[in-house]
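For reference, the structure is listed below as structure tokens.
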Amino acid sequence: MFKKILLATHGTPGAQKAEDLALSWAEKSKAQLYVLSIINSDWQFMTGDDWLNTSATRNRFAQYVENEINSEIDKLWDRLKQKFNHLPTEYIRKAGKLEEVLAQVAEDINADVAIIGAYQKKQAPGFKARLTNKDLHPIMPCPLVIAV
Amino acid sequence: MANGQVGRPSNGPLWIISIIMLGYAFLVKAGVLDGIMHSLHTHKSADLQFILSIVGGVLGVAAAVLRQARKDKPMTNFDTFVLETIPGILFILILAMAIRWYAEPVVKIISNNLVPVIGFKIHKVLNLNYVVLGILVGIIITNTWGIPNFAASGVKTARFVLKMGVILLGARYSFAELAKLGMVSVWMIGFFVLGTVFFVLWLGHIFRQPKSMTGVLSAGMGVCGVSATVACAPVVRAKCSEMAYTIGTILGWGVLCMFAFPTIGKIVGMNPTQFGAWAGTGILNSAQVAAACLAFNAVDIHTLKVGEIFNITRVLFLPIIVLVLATWYGKSEGTKLSFKEVVIDKFPIFVLGFLLLFFLSSLGLFSPPSHYKGKYLDFSYNKRTEVTAEELAVIGEAVKAGVPGLTAAEKEALEDLYKQRQIAGDYKDRNNKKVFDAKARKRMEALQSILAKAKAKQISISKELKSAIKHAVKQVHKKSKTIVVLTDAMIWFFAYGLIGLGMQITKKALAQAGGWPLVMGAISGTAKAVLSFIVVMFFVKDVVLK
């Protein structure tokens, strides 16, 4: 059915439904699974109106945030590696605008389908950012499945 | 973290800005805009409008030519720090000019014309001066079209320029002012900074929140907003979600205060000292304090002076708070940080610039040191200190008719003003400077006393006479040209810096506000604003500066 499945997840309860769906489809069709973690480019605006700190302090903050995000992704991947241990899985980490990165990676790997979690009324704790259909749909090069 | 993309964007926008600036300079010089300038009451700044436009235009053309020549060459430091920043610098400059000379006067005229309809001056209530308009324009640009690529590098210079504004402000304080205000600010800031930090830590304990979150929130709410969060986050090992929630909360609260404080201050009738003290204590971010003070009063920098002293005192608390939090957090988590990492790296170096300018100024580098104590008065006989012929006629009539209610000294001072056409000592004493100055000072004080009596409605004098006496007093106050230039530059630096600051306030960052940080931030922020308001209203009554 599918040869390449792209799963975009940040590990929240909504995204975990996408993980389950991707797992089940990958098992059924023996597809190659790609797990995508996106580092939101909006973090670059998160120094807000700070003007007191020196560039060294701001750089240290940026480095710290980057390390923290990477360690959160590492934790997520550790969990997924156990979950998908019987499947051929590739892990991809990219930074940028959510919609653009998702579409670009789908194109790069020539994905047959991309799976993401459904819109959650109440967001799980974490960086508040959502994919917008208006921005995502026109640029997706493959079918997009929303897991509910 | 960068704001926006930075590369070597196209030269087109820079050419357009440069041509607009040069064209504007030409129109100003040719007098084409005289009519508009007069109707907007900006004609007095025509020279400055020409100079800024021509300098900006020429700089833009030179940068565009150099950028074109270096287009395919590898980026050097000169490209990164000079050539690539110029388009953004000119972008903010052109915005500042448009706001200062067009948007602000137009808003004022519209607001005045709306008085018969709505019954009040909307620009006064909302403090819509160039500072507030500049921040609003910055916020609108960044949240709609976004900072254009060509301007991204230059916009970052706003932080540096704001610091330059504070440094230049250092030249406007006297030892007496700094000592007096410094003491008040140390007490108030010490109490409220440490109080808020411990209050948030206590709230975190009550609501059973992680130490990393309460640590980063306490610094932001207590010391200086997002800056403190940025400085403290690595120290208390804050998690990403905690940082996002905290930054969103602090940014939102700070922006709310920046707009609300000046309006509240005016409604309750705060004087400049009270407002500066309240803004300097209650508003989180140091740049927002400057913005609120300039929004409260953009012409007289009295409020800004008071606010900035409180501000600088608070900034000096930052390394202390980082040290406190590092110790507090490190004790339980077993992490150790070096003194350099905690204190030296966090010390705001620009404060040294402020102090340097203050000392240079106090040593008389820019004007005689006594200038600030009100002693720098020119009582010598000269044309410059004379009142006008019309004013002299008004004074003559008053002397002839007599002004009921004056003391003998006041009457004599008025007669002397008519006789000499200016405030001065007796001509015969001109070689004895001490006697000459003492007599002149006595006469000036008597004339000021007449003005005070008229203000208190103890005597009744005509508007023309009041204006003539005021002019005579004003004429003997000698202003240092250097100080005037420094002050003008400082006002422009603040205008420029605050437009850039507005561009850092994104709705994406604001939208992060939430969770427990929002609850705890709202409680502690309100408590600090209300308590500092009460303290200021009850204990900071005097106008400290003269």
Side-chain angles (χ1 to χ4, degrees), chain A residues 10-15 37-76 93 95-101 104 119-132 135, chain B residues 1-5 142 156 158-163 223-235 237-245 247-248 250-251 254-255 285-288 315 318 341 345-350 497 500-506 508-515:
Chain A
H10 38 46
T12 55
S37 291
I38 307 172
I39 300 169
N40 200 318
S41 62
D42 289 343
W43 264 109
Q44 70 186 321
F45 300 105
M46 292 301 287
T47 49
D49 56 0
D50 162 43
W51 67 287
L52 286 177
N53 288 307
T54 57
S55 53
T57 303
R58 264 200 301 279
N59 288 341
R60 185 156 182 255
F61 175 73
Q63 187 68 49
Y64 174 75
V65 171
E66 205 177 310
N67 291 343
E68 281 296 302
I69 294 172
N70 279 324
S71 92
E72 283 180 12
I73 292 174
D74 288 344
K75 269 187 209 156
L76 169 69
R93 191 181 310 220
K97 201 171 172 240
L98 301 179
E99 295 86 352
E100 285 169 9
V101 173
Q104 187 60 52
Y119 180 92
Q120 302 292 301
K121 209 168 183 185
K122 193 170 185 292
Q123 277 182 301
F127 195 89
K128 292 183 191 165
R130 295 176 195 258
L131 288 162
T132 55
D135 292 334
Chain B
M1 285 192 180
N3 280 319
Q5 293 161 4
T142 203
K156 289 184 194 169
R159 291 185 169 111
F160 172 75
V161 174
L162 260 178
K163 288 178 186 173
V223 196
C224 39
V226 179
S227 298
T229 304
V230 166
C232 289
V235 174
R237 312 290 310 163
K239 292 187 181 69
C240 289
S241 57
E242 294 167 354
M243 284 186 277
Y245 287 161
I247 288 170
I250 290 170
L251 199 56
V255 173
N285 180 300
S286 309
Q288 287 160 1
V315 167
L318 179 59
E341 270 179 299
D345 285 355
K346 311 292 183 228
F347 187 82
I349 296 160
F350 76 96
L501 176 92
M503 290 182 183
Q504 319 294 329
I505 301 171
T506 63
K508 282 172 183 168
L510 287 169
Q512 298 303 320

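Values reported hereafter were calculated over all heavy atoms of this structure, with side chains retained and with hydrogens, waters and symmetry mates removed. In what follows, chains are A, B, ... by sequence order, proteins preceding strands, each numbered from 1.
Residues B/Ser241 and A/Gly126 come closest through the heavy atom pair CB-CA, 3.6 Å. The shortest non-hydrogen separation linking B/Ala231 to A/Asn53 is CB-OD1, 3.8 Å. In plain terms, the two heavy atoms of A/Glu72 and B/Cys240 that are nearest each other are OE2-CB, 3.6 Å. Contact record, B/Lys163 with A/Leu52: NZ-O, 3.3 Å, taken as the closest heavy-atom pair. Between B/Val226 and A/Thr47, the shortest heavy-atom distance links the atoms CG1-O, 3.2 Å. Closest approach of B/Arg237 to A/Tyr64, counting heavy atoms only: C-OH, 2.7 Å.
Both the backbone and the side chain of B/Leu162 have a heavy atom closer than 4.5 Å to some heavy atom of chain A. For B/Glu242, no part sits under 4.5 Å from any heavy atom of chain A, backbone or side chain.
Between the side chain of B/Arg159 and the main chain of A/Asp50, a donor-acceptor pair closer than 3.5 Å is present. Judged purely by atom type and a 3.5 angstrom limit, A/Lys128 uses its side chain to pair as donor or acceptor with the backbone of B/Ala513. Side-chain atoms of A/Asp42 never come within 3.5 Å of backbone atoms of B/Lys508 as a donor-acceptor pair (strictly under, hydrogens ignored).
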Full working for side chain to side chain contact (heavy atoms under 4.5 Å, CB included) between A/Trp51 and B/Gln504: CA-CA 10 Å; A/Trp51 67 287; B/Gln504 319 294 329; over 6 Å; no
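In this structure, the separation between CH2 on A/Trp43 and CD on B/Gln512 is 7.0 Å, given to the nearest 0.5 Å. For the atom pair CG (A/Asp49) and CG (B/Leu501), the distance works out to 5.0 Å, reported to the nearest 0.5 Å.
Most heavy-atom pairs under 4.5 Å with chain A: of the set B/Cys232, B/Ser227, B/Gly225, this distinction falls to B/Ser227. Residue with the most contacts toward chain A among B/Ala158, B/Gly254, B/Ala238, B/Cys224: B/Ala238 (heavy-atom pairs, distance under 4.5 Å).
The environment of CZ in B/Phe160 is sparse: at most 12 heavy-atom neighbours from other residues, nucleotides or ligands sit within 6.0 Å.
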